[in-house]
Amino acid sequence: MENQFVIYNTLTRQKEVFKPLVQGKAGLYVCGPTVYSNSHLGHARAYITFDLLFRYLTHLGYKVRYVRNITDVGHLEDEVEGTGEDKVSKKARLEKLEPMEVVQMYMNTFHRNMDELNVVRPSIEPRASGHIIEQQEMVESILKNGFAYESNGSVYFDVEKYNDKYNYGKLSGRNLDDIKTNTRELDGQSEKKNSFDFALWKKASPEHIMRWPSKWGDGFPGWHLECSVMSMKYLGEQFDIHGGGMDLRFPHHECEIAQSTASQGKEAVHYWMHNNMITINGQKMARSLGNFITLDELFTGAHEVLEQAYSPMTIRFFILQAHYRSTIDFSNEALKASEKGLGRLMSALKTLRGLSPSEGQSTVDVQALKDKCFAALDDDMNSPIAIAHLFEGVKMINSIKAGNEKISGADLEGLRAFFKTVVCDILGLKEEESESSGGDEILEGSINLLLQLRTEAKANKDWATSDKIRDGLNAIGIEIKDTKNGAEWSRK
RNA sequence: GGUUCCUUGGCCGAGUGGCUAGGCAGCGGUCUGCAAAACCGUGUACGGCGGUUCGACUCCGCCAGGAACCUCCA
C-alpha cells in the first residue's frame with residue numbers, strides 16, 4: 001500500500017496527504033440541506049461529491065463515521081422579502097402546515113432523491129432541532145470564554161475580540177479590516193457591537209413559530225451553531241474532514257471555526273473540503289435567480305430548460321465526469337453525452353461478465369490500467385481521469401470480445417474485480433433497468449423465440465421477415481445486436 | 001468597491017514547461033443481406049498582447065471576457 005490519498009485542503013489552499021487523527025478511522029462531517037423546499041441539482045453535486053469521498057475512504061479501508069446534518073430550524077431570515085420571517089415558518093404559513101410537517105415532507109423528498117442517486121446514507125444524520133440544548137451549552141461556553149455578548153435577548157459572537165486572539169477569516173482568505181470596510185450595513189443591527197458580528201442565539205419575535213426557551217428568553221439558535229455543535233457531539237472536539245459547498249465557505253464555515261475555537265480553545269477540523277457549484281448557462285443555479293432545477297424535474301423532464309428526462313445515474317455520471325472543485329455547466333448536450341457514455345460503460349460491464357478467458361497469455365495490461373485509475377482517485381479524487389481510464393478498460397473489454405485481444409483467466413478475474421470496485425463501489429454507478437420489469441421469464445422466452453425465428457429467416461434469406469422482427473422489437477424498446485456469436489438483445 | 005477563481009478543438013471536460021486525456025458528435029474503414037452494435041483509423045485545441053526560457057497551452061505581467069463569495073444558498 002504505497003499510494004497515499006491526497007486531498008485539497010481549503011484551509012491551506014494546497015493538496016495534502018490525508019492523515020487521520022486515529023489510525024484506520026476517519027471522521028467526516030458534511031453540511032446537509034435546509035429542508036424547506038425540493039432538492040435540486042446543486043444538492044446532487046454536493047452529496048455525490050462527498051458520497052464519493054465516503055465510498056473512497058471506505059474502499060481504502062478506513063472505518064468512516066460520516067455525519068451529515070439536516071437543518072430543520074428555520075433560523076434563516078428572509079432578507080429579500082424583508083419580512084424577517086424564517087423560511088420554514090414562511091413555507092408553513094403559505095402551505096398551512098406545521099413547520100415540522102414542512103420539514104418532514106422535504107426531508108422525505110431529499111432522502112428519496114439521494115437514494116435514487118445511489119448516495120449512501122450517512123452514519124449519523126442529526127437534526128438541528130434535536131440539539132437545542134447542546135447549542136445553548138455552546139453559546140454559554142463561548143459567553144464564558146468572553147467571545148460573545150448578550151444584547152436584548154439575543155447573543156452575538158464578538159468577532160473583533162475573537163480576532164484579537166485568533167484569526168477570523170483564515171478559511172476564506174479575508175482579514176477583519178477588509179470585512180470591516182466591506183460589510184453591508186443592514187437594518188436592525190443596532191443591538192450588535194459590530195455589523196460583522198453574527199448571532200449565536202436569536203430572540204424570537206412574538207409571531208415566530210419555531211422557538212425554544214432559554215436563559216436569554218424565548219428564541220432560536222443561529223444558523224452556524226448547529227454544525228459546530230453536532231460535529232463536536234458525534235465526531236469529537238477534533239475530527240478529520242469537514243465538507244460542504246463552496247458557497248458555505250464564508251460566512252458559514254468561517255463562523256463554525258470561530259465558534260469551535262472560541263468554545264474549546266482549539267480548532268476542530270483538520271481538512272476542509274469544498275465542492276464547486278453547478279452553473280446553468282454560466283450562472284450559478286440559485287433559488288433567488290429563478291434558474292434552479294429540482295431533482296424530480298430532472299428525473300421526469302418536467303422543466304422548460306430540459307429537452308428530455310435524465311435518469312439519476314446519468315446525473316451522477318455527469319457530475320463525476322467533472323472534478324469536484326471545478327464548476328460544471330449544465331446543458332442538454334452535455335447531459336445527453338453523459339447518458340450515452342454511461343450506456344457504453346455499463347454495457348461493457350455486462351459484456352465483461354459474459355467474457356471467457358482466452359487461450360494463452362494476455363495481450364492486455366490490466367495491472368497498468370488499475371494503477372492509473374487508482375492513482376487518479378488518490379489525487380484529490382480525480383474522478384474524470386479515473387473515468388477516462390475506465391474507458392480504456394471498455395475498449396479492452398470490447399476488443400477481447402471481438403477477438404482482437406487476449407486475456408488470461410487470472411487477468412479476467414482481476415479486470416472483473418477492478419470494474420466492480422471502481423464503477424459500482426467507488427463511483428457508485430449502478431445499472432438502471434427500464435420500468436418494464438416483472439414477467440421477465442415470459443418476456444425473455446418470447447424474445448428469444450423471436451430471435452430464433454429471425455435467425456431462421458436470415459438463413460433463408462427472408463430479409464423481410466427478419467427485418468420485421470428486428471424493427472418490431474426495436475419499437476417496443478428491445479435492441480438487437482448481431483455479433484459473431486449470434487444475436488443478442490438488450491433493453492434500450 | 002473588496003477578495004478569489006476561470007477562459008482548452010463542434011459540445012462537455014482533464015492535464016502538463018518539451019511526450020495521445022477521456023466522453024459525445026463528425027469523418028473514413030472492417031464486420032453485416034442492409035442496418036444497429038462493436039472494432040480500427042482520424043482532429044495541427046489551449047482568450048488577446050508582451051515577458052522569462054533552448055522551448056509555454058502550462059511560469060510572470062498587462063488587457064479583454066466570464067464566474068463565485070462579501071446576504072440565504074450545495
Side-chain angles (χ1 to χ4, degrees), chain A residues 13 30-34 36 39-50 71 75-80 86-87 169 172-175 177-184 186 196 223 243-252 254 274-279 282-289 292 317-318 321-323 325-342 344-345 347-348 351 372 376 379 382-392 394-395 397-399 401-405 458 461-463 466-467 470-471 474 479-484 487-488 490:
Chain A
R13 269 158 264 270
V30 172
C31 290
T34 304
Y36 70 101
S39 311
H40 53 74
L41 242 190
H43 290 126
R45 163 85 123 154
Y47 303 123
I48 286 171
T49 295
F50 291 104
T71 298
H75 42 239
L76 312 169
E77 297 279 327
D78 194 334
E79 304 280 1
V80 182
D86 78 68
K87 290 183 178 175
S172 53
R174 288 153 217 259
N175 63 62
D177 291 335
D178 290 343
I179 295 169
K180 272 181 185 170
T181 53
N182 289 301
T183 304
R184 290 187 209 168
L186 297 166
F196 45 76
W223 171 40
M246 208 94 119
D247 50 348
L248 298 179
R249 206 154 66 117
F250 190 90
H252 184 55
E254 200 71 73
H274 293 94
N275 65 278
N276 215 134
M277 304 287 100
I278 284 190
T279 58
Q283 263 205 324
K284 180 182 162 180
M285 192 181 76
R287 219 167 289 280
S288 55
L289 296 171
F292 73 99
F317 189 63
F318 169 67
Q321 268 186 305
H323 186 89
R325 283 191 287 118
S326 305
T327 54
I328 181 170
D329 196 52
F330 169 90
S331 70
N332 281 286
E333 240 180 329
L335 261 302
K336 283 181 196 168
S338 291
E339 187 178 49
K340 287 212 170 181
L342 176 65
R344 210 154 84 82
L345 181 63
S347 83
T351 304
K372 282 190 284 187
D379 182 16
N382 200 328
S383 53
I385 292 285
I387 289 170
H389 293 310
L390 238 28
F391 275 102
E392 283 176 41
V394 169
K395 218 169 183 176
I397 291 164
N398 289 330
S399 301
K401 195 193 178 195
N404 299 330
E405 300 278 4
K458 283 176 71 171
K461 304 208 175 188
D462 179 3
W463 309 129
S466 121
D467 287 356
R470 183 175 67 194
D471 297 344
N474 227 296
E479 192 173 21
I480 308 288
K481 293 175 194 168
D482 287 323
T483 71
K484 285 192 172 134
E488 291 176 2
S490 63

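A, B, ... follow the sequence lines: proteins, then strands. Residue 1 opens every chain. Computed from a predicted model, the values in this text were never measured in an experiment.
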Q.
For a quick check of understanding: with a heavy-atom distance under 4.0 Å over all strands, which category does A:Ile278 fall into, base, sugar-phosphate or nothing?
A. base
- Task: Give a yes or no on whether a donor-acceptor pair under 3.5 Å exists between the nucleobase atoms of B:C34, that is its base, and the side chain of A:Arg470.
- Result: yes
Next on the checklist: On the nucleotide B:A68, are OP1 or OP2 found under 4.0 Å from the side-chain N or O atoms that A:Thr327 carries?
Outcome noted: no
When only distance counts, do a donor and an acceptor, one from the side chain of A:Asp482 and one from the base of B:A35, lie under 3.5 Å apart? yes
Distance test, side-chain N/O of A:Arg344 to OP1/OP2 of B:C39, below 4.0 Å = yes
Q.
For a quick check of understanding: with a heavy-atom distance under 4.0 Å over all strands, which category does A:Asn382 fall into, base, sugar-phosphate or nothing?
A. sugar-phosphate
What does A:Lys395 touch in the nucleic acid at a heavy-atom separation under 4.0 angstrom: a base, only the sugar-phosphate, or nothing? sugar-phosphate
request  = For B:C6 versus B:G15, give the span between their P atoms, rounded off to a whole number of Å.
outcome  = 11 Å
Paired to B:A64 by Watson-Crick or G-U wobble criteria (both distances under 3.5 Å) is B:U7
Rounded to whole angstrom, note down the P distance from B:A36 over to B:C27. 11 Å
Of B:G13, B:C34, B:C39, the nucleotide closest to the side chain of A:Asn398 is B:C39
- request: Tell me what A:Ile328 touches on the nucleic acid: a base, only sugar-phosphate, or nothing, going by heavy atoms under 4.0 Å.
  value: sugar-phosphate
| message | So, OP1 or OP2 of B:C6: does either fall under 4.0 Å of a side-chain N or O from A:Ser326? | response | no
message = Base, sugar-phosphate or nothing for A:Ala334? Non-hydrogen atoms, less than 4.0 Å.
response = sugar-phosphate
Q.
Check the phosphate of B:A25 against A:Lys340, side-chain N and O only, distance under 4.0 Å to OP1 or OP2. Yes or no?
A. yes
For B:G28, the nucleotide meeting Watson-Crick or G-U wobble distances (both under 3.5 Å) is B:C40
Item to check | Heavy atoms of other groups near A:Lys372 NZ, more than 12 under 6.0 Å | outcome: yes
Picking from B:A74, B:G22, B:C70, the nucleotide nearest the side-chain atoms of A:Asp247 would be B:A74
Q. Side-chain donor or acceptor of A:Asp467 under 3.5 Å from a matching atom on the base of B:G33?
A. yes
*asked:* Is A:Trp463 stacked against the base of B:G33, taking the criterion as centroid distance under 5.5 angstrom and interplanar angle under 30°?
replied: yes
Can you find a pair of side-chain heavy atoms, one from A:Arg174 and one from A:Phe250, that are under 4.5 Å apart?
yes
task = Answer yes or no: does a side-chain N or O of A:Arg174 lie under 4.0 Å from OP1 or OP2 of B:C70?
result = no
Does A:Gly42 reach a base, just sugar-phosphate, or nothing at all? Heavy atoms under 4.0 Å. base
### Task
Determine the contact category for A:His40: base if any of its heavy atoms lies under 4.0 Å from a base atom, sugar-phosphate if only primed atoms, P, OP1 or OP2 are that close, otherwise nothing.
base
Just checking A:Met246: base, sugar-phosphate only, or nothing, at a heavy-atom cut-off of under 4.0 Å? nothing
Rounded distance in Å between the C1' positions of B:C19 and B:U30: 31 Å
Self-check item: Euclidean distance for C1', B:U8 against B:C46 (whole angstrom)
Solution: 4 Å
